[in-house]
Amino acid sequence: NGGNSLVKPNAHTFNAVMNSCAFTKIDEDRAEALKIAFRVFDWLMSRSDMHPDAYTFTIMLSVCANLLPKDDQQRRFSHAQSLFEKCCQAGHVNDFVLRKLRQTVLEREYVHLVGSSGQNSEDLPNQWTRYAAKSGRNRAWVNRGGRGRR
C-alpha cells in the first residue's frame, strides 16, 4: 500500500497504453495489442469523466495502420471509418488525424470519408474541427477539454 489513492488515470494515461499497442514490434503480440487498444478506446469512449482528443484518434488510426494486415483492406477501412466519424462528431479532426487516416485507407476511401483529397483541416466543416486549436505550431495536440466543453 502507501500509494496515493487520489491519483487516478486520465485520458493521457490511456493514450499512452494505446500508443504502446500501436507500435508493438513482436509479430506474435500484434493481435493481442490490437484487442487491448480497442478495449481501452471503447472504455475511454464510455466514460463521462474523460474524453478522447485528437491525439487519441491519431493513435487509434496508427493502431489500424500498423496492426491490421494491409491485405485486409475492408477491415482497415471499417475501423478507420468508425474512428474518423467519431472524431468528426467529437470535433477533434486536425491535420495529424487526416495524415494518419490517409496512411490507413486507400486514396479513394480517404476521398469518400473526407470529401476531397486534401490534407488541410482548415478546409473541413467547422463542426469536425471545433475543438482543434486554430493557431500555433503544436495546435494539433492542444486538448480543449473534451467533448461539449468550451
Side-chain angles (χ1 to χ4, degrees), residues 10-48 50-150:
N10 59 28
H12 300 290
T13 308
F14 297 104
N15 283 347
V17 172
M18 292 180 287
N19 197 53
S20 295
C21 292
F23 295 98
T24 298
K25 300 291 184 207
I26 301 171
D27 285 341
E28 297 82 40
D29 294 340
R30 293 166 72 86
E32 186 64 20
L34 182 68
K35 288 178 192 173
I36 291 169
F38 273 97
R39 213 171 342 178
V40 170
F41 178 77
D42 290 344
W43 184 85
L44 180 59
M45 289 293 292
S46 75
R47 303 285 302 191
S48 62
M50 63 181 92
H51 307 286
D53 57 17
Y55 190 51
T56 307
F57 290 106
T58 302
I59 290 168
M60 287 305 295
L61 288 167
S62 292
V63 165
C64 294
N66 297 345
L67 300 180
L68 290 171
K70 295 218 184 288
D71 62 354
D72 192 352
Q73 199 56 44
Q74 177 57 40
R75 196 163 156 219
R76 288 169 68 93
F77 176 74
S78 176
H79 283 297
Q81 179 180 29
S82 175
L83 290 165
F84 185 68
E85 288 173 355
K86 288 173 183 170
C87 187
C88 290
Q89 290 168 0
H92 289 297
V93 177
N94 62 31
D95 294 341
F96 292 100
V97 169
L98 293 177
R99 191 171 309 127
K100 192 51 70 173
L101 179 65
R102 185 179 289 276
Q103 293 171 2
T104 307
V105 299
L106 299 173
E107 180 66 20
R108 65 180 158 72
E109 294 169 335
Y110 179 88
V111 170
H112 171 77
L113 292 172
V114 177
S116 74
S117 62
Q119 279 192 338
N120 188 343
S121 61
E122 292 176 7
D123 298 331
L124 297 175
N126 186 56
Q127 190 71 7
W128 292 7
T129 63
R130 67 190 178 277
Y131 296 118
K134 300 298 182 196
S135 64
R137 264 187 92 177
N138 295 320
R139 71 178 187 251
W141 304 128
V142 174
N143 183 355
R144 292 297 206 179
R147 292 180 280 184
R149 295 187 211 133
R150 256 269 195 215

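Not measured: the values here are computed from a predicted model. Note that the numbering runs from 1 along the sequence shown for the chain. All values below come from the heavy atoms of this structure, side chains included, with hydrogens, waters and symmetry mates left out.
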**Student:** Taking only residues two or more places apart in sequence, or in another chain, which ones meet Phe38 in a ring pair (Phe, Tyr, Trp, His ring centres under 6.0 Å)?
**Tutor:** His79
**Student:** Rounded to the nearest 0.5 Å, how far apart are CG of Leu101 and CG of Leu83?
**Tutor:** 9.5 Å
**Student:** Mind checking side chain to side chain contact (heavy atoms under 4.5 Å, CB included) for Gln103 and listing every partner two or more places apart, or none if nothing turns up?
**Tutor:** Arg99, Lys100
**Student:** Please check if any side-chain donor atom of Gln73 sits under 3.5 Å from a side-chain acceptor atom of Glu109, or the reverse.
**Tutor:** yes
**Student:** With rounding to the nearest 0.5 Å, note down the distance linking CE in Met45 to OG1 in Thr56.
**Tutor:** 9.5 Å
**Student:** Under the salt bridge (charged side-chain N to carboxylate O under 4.0 Å, His left out) test, which residues partner Arg39, sequence neighbours left out?
**Tutor:** Glu32
**Student:** Do the ring planes of Phe77 and His112 sit parallel (below 30°), tilted (30 to 60°) or perpendicular (above 60°)?
**Tutor:** tilted
**Student:** Taking side chain to side chain donor-acceptor pair (under 3.5 Å) as the definition, give me every residue that meets it alongside Ser78, ordered by chain and number, with sequence neighbours left out.
**Tutor:** none
**Student:** For Arg75, check salt bridge (charged side-chain N to carboxylate O under 4.0 Å, His left out) against everything at least two apart and list the hits.
**Tutor:** Asp72
**Student:** Applying ring pair (Phe, Tyr, Trp, His ring centres under 6.0 Å), name anything that partners Phe14, two or more places apart in sequence or on another chain.
**Tutor:** Trp43
**Student:** Over all heavy atoms of both residues, which pair between Met50 and Ala11 is shortest? Give the atoms and the distance, please.
**Tutor:** SD-N, 3.6 Å
**Student:** With sequence neighbours left out, what residues match Asp29 under salt bridge (charged side-chain N to carboxylate O under 4.0 Å, His left out)?
**Tutor:** none
**Student:** Would Asn94 and Ser121 count as having a side-chain donor-acceptor pair, cut-off 3.5 Å?
**Tutor:** no
**Student:** Mind checking what makes side chain to side chain donor-acceptor pair (under 3.5 Å) contact with Arg76, not counting sequence neighbours?
**Tutor:** none
**Student:** If we ignore hydrogens and angles and just use 3.5 Å, is the side chain of Tyr110 paired with the main-chain N or O of Gly118 as donor and acceptor?
**Tutor:** yes
**Student:** Tell me, please, which residues at least two apart from Thr13 pass side chain to side chain contact (heavy atoms under 4.5 Å, CB included).
**Tutor:** Pro9, Asn10
**Student:** Applying side chain to side chain donor-acceptor pair (under 3.5 Å), can you list everything that pairs with Glu107, at least two apart in sequence or on another chain?
**Tutor:** Arg102
